[in-house]
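Down below is the structure, laid out as structure tokens.
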Amino acid sequence: MKRLLFKNALYGGTQFLIGIVLTFIGVPIFNKYLGAELYGLFAAITVFGNLNLLASLGINVSLIKHLAEQGKTLKSNMDIATSLLLSIGLATLLALLIFFNIPHILSFLHVNFLYYNDAKALLVLSSIGGLISIIGQVFAAILDAQNKVYVNNSLQSLYNILYWVGIIVVLYMGKGLYAIAWIVLIANAVWFLLLMFFSIRSWQFFSFQFSMDLCKQSFRKQFNYGGKIYVSGILGFLFEPLTKLLLAQLTGLREVGYLDIALRLKAQVWGLFNKILYPITPYIATETNMAIALKLINTVERILTVLAIPIAAITYLVMPDFIQLWLHKSVVDSKHIIDAATFITIAYILFSIPIIPLYSFFAIKSKPIYSVYMQATNAGTNLLLLMILVPWLHFNAVVISISVSIFLSYILLQYLRKKNTGSFLYSSNIMEKMILFLLLLVGVGTLSSCWIESKYWRIIVNVSAVFFVTGFVFKWYLIKYVGGINYFNQAKMVFKKR
């Protein structure tokens, strides 16, 4: 088990590195050849194309849980069949809703008549790609339930390569959104066919005996457990995706492009940790001893919190110079991107990444309704602040609304932890020391680089200063006085028992 978890995490990290390289190459090229407005149009329309993702939320998480617990049985095959049926039905319904409302959607986004036909093609083809993706998620769940996350990561890497390399090629050929739409569809189709092949070959248990009782039981399991996750997914859509649509309506497509770039940068940091931590999900599903699972969750969260502080400091110090070097002059106004990317990424690093294991624990083992509370807090706070602040702060309102909503959902989950376990993970004294540690890193980094004009050297000096101070603090405080190294040893001992 330990070796398999490491393999899954390694492949997840590799898939992330491939994705981040392609993203950092592709986004500046996209902006250079199409401009900020068309990039914003692409970001807004693909939100509607991804509406199909709502069809699988809850269904796939529920399928992973039940297959991991049941193994290769007749019940599992019935669960797979009902998941496919539900996914196809819901995704098709959402796709039809999009197709019959294309004029209203494009009107809502204030699409320029010059781009209308290309925008329409992008909306249709990306919706079809979303439908393919949803059906494919069922096959991905089959692999995940068998702890073969590394197969999914490999196929996702192939998808990223086809997606970004295809887009870059058609842009260099002078093509527009219409050609990009076909690239998106082709990438989804290739990924789906390979995923279906590997999942069927891996499962290798095709006995099926139709029983009305088994069928009813399978549907009941999906709705009782997956229904809560599904509601959570719908509320999740009301967070970042709906924010893009409201921004298009309230400010304009150019601002949507700025936010999309900022969120892509955030996604690189968040995605790395999510890929590395995702193998814990099947582990939690198969662990019958709740005390052992919770001990692992608490240990991993402590490690993530310790790592999050210097990473947040580096983000604050490095992000402005990095964005200016990365985008060059491909975006007219990079200040909005810098502000959004910096503060939204820091919010995720400090208040979202450390609680990924606990969030998964509650969703899988005991309290899936908590994910509904979390997403409702995110969506409600974000929408409320956005509507209130946009008239005064314009684009900066979205930076505040997203950051504050992430922080409040973190507070909520800590409260729910105390409600279920009887205590918080950190005392107020430890929290104060972590805040001082973050301020120390930012202060030392700022003083070390304020006199340097070269952006490259500023980045090097800032990162070096943070590493030096972090190493000093780890050696003389965390390890010597708090026993911080025990966090890593505890996690190692838990996996050894497997």
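The nearest pair of heavy atoms linking Val269 to Phe273 is O-CD1, 3.3 Å. Nearest heavy atom pair, residue Val256 against residue Gly40, reads CG1-O, 3.6 Å. Ser401 and Asn382 get closest at one heavy-atom pair: OG-OD1, 2.8 Å. Residue Ile297 comes nearest to Pro357 through the heavy atom pair CD1-O, 3.5 Å, listed as atom of the first residue, atom of the second, then distance. Across every non-hydrogen atom of Leu441 and Val466, the tightest pair is CD2-O, 3.8 Å. Closest approach of Pro310 to Thr470, counting heavy atoms only: CB-OG1, 3.5 Å.
Side-chain contact between His336 and Asn396 is present, with heavy atoms from C-beta onward closer than 4.5 Å. Using a 4.5 Å heavy-atom cutoff, the side chains of Val27 and Trp326 are in contact. Between Phe42 and Leu177 there is a side-chain heavy-atom pair separated by less than 4.5 Å. Between Val398 and Leu393, the closest side-chain pair of non-hydrogen atoms is not below 4.5 Å. Within the 4.5 Å cutoff, side-chain heavy atoms of Ile142 are placed close to those of Trp203. At least one side-chain heavy atom of Leu265 sits under 4.5 Å from a side-chain heavy atom of Ile323. You'll find the side chain of His110 stays beyond 4.5 Å of the side chain of Leu253, heavy atoms only. Looking at heavy atoms from C-beta onward, Asn188 lies out of side-chain contact with Ile128 at the 4.5 angstrom threshold.
The list of side-chain hydrogen bond (donor to acceptor under 3.5 Å, both in side chains) pairs with a residue in residues 113-124, not counting sequence neighbours, is empty.
Heavy atoms from other residues, nucleotides or ligands lying under 6.0 Å from CZ of Phe467 number 12 at most. Surrounding CZ of Phe468 are at most 12 heavy atoms belonging to other residues, nucleotides or ligands under 6.0 Å away.
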Derivation of the side-chain contact (heavy atoms from CB on, under 4.5 Å) call for Lys455 and Phe322:
CA-CA 8 Å; Lys455 294 182 178 64; Phe322 172 78; over 6 Å; no
Step-by-step side-chain contact (heavy atoms from CB on, under 4.5 Å) determination, Lys175 to Ile180:
CA-CA 8 Å; Lys175 306 296 182 180; Ile180 291 174; over 6 Å; no
Derivation of the side-chain contact (heavy atoms from CB on, under 4.5 Å) call for Leu246 and Leu383
CA-CA 9 Å; Leu246 287 177; Leu383 293 178; 3.4 Å; yes
Run the side-chain contact (heavy atoms from CB on, under 4.5 Å) check on Ile135 and Ser87 step by step: do they pass?
CA-CA 6 Å; Ile135 301 172; Ser87 295; 5.5 Å; no
Show me the donor-acceptor pairs within less than 3.5 Å that the side chains of residues 343-355 make with the rest of the protein, sequence neighbours left out.
residue: Thr345; atom: OG1; partner: Ala341; partner atom: O; Å: 2.5
residue: Tyr348; atom: OH; partner: Glu240; partner atom: OE2; Å: 2.5
residue: Ser352; atom: OG; partner: Trp270; partner atom: NE1; Å: 3.3

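Distance check, rounded to the nearest 0.5 Å: CG of Leu195 to OG of Ser154 gives 11.5 Å. The OG atom of Ser107 sits 11.5 Å away from the CG atom of Asn101 when rounded to the nearest 0.5 Å. Rounding to the nearest 0.5 Å gives a distance of 10.0 Å between CG of Asn153 and CD1 of Ile18. Rounding to the nearest 0.5 Å places OG1 of Thr381 at 11.5 Å from CZ of Phe407. Rounding to the nearest 0.5 Å gives a distance of 11.0 Å between CD1 of Ile183 and CD1 of Ile168. Separation of atoms CG (Leu304) and CG (Leu358) is listed at 11.5 Å; rounding is to 0.5 Å.
Tested against Tyr163, the residues Ile186, Leu22, Thr23, Val184 include a single side-chain contact (heavy atoms from CB on, under 4.5 Å) partner, Val184. When Leu171, Val169, Val165 are each tested for a side-chain contact (heavy atoms from CB on, under 4.5 Å) with Ile167, only one passes: Leu171.
Using cut-offs of 30° and 60° for the angle between ring planes, the Phe192 and Phe139 rings count as perpendicular. Using bins of under 30°, 30° to 60° and over 60° for the plane-to-plane angle, the ring pair Tyr258/Phe395 lands in the perpendicular bin. Ring-plane geometry between Trp182 and Tyr178 is classed as perpendicular, the angle between the planes exceeding 60 degrees on a 0 to 90 degree scale with a lower cut at 30.
Between the Arg458 side chain and the Ile452 main chain, a donor and an acceptor come within less than 3.5 Å of each other. For Gln249 (side chain) and Leu245 (main-chain N/O), no donor-acceptor pair under 3.5 Å exists by modelled atom type. Panel note: side chain Asn152, backbone Ala140; a donor-acceptor pair is recorded below 3.5 Å. The backbone N or O of Asp339 lies less than 3.5 Å from no partner atom in the side chain of Thr342, so there is not a single donor-acceptor pair. A donor-acceptor pair under 3.5 Å is formed between the side chain of Thr315 and the backbone N or O of Ile311. A distance-only check finds no donor-acceptor pair linking the side chain of Ser403 to the backbone of Ile400 [under 3.5 Å].
If you check the side chains of Ser448 and Asn462, you find no donor sitting under 3.5 Å from an acceptor. Under 3.5 Å, the side chains of Ser202 and Gln146 contain a donor-acceptor pair of N or O atoms.
With respect to the salt-bridge test (charged N to carboxylate O, under 4.0 angstrom), the residues Asp144 and Lys148 do not qualify.
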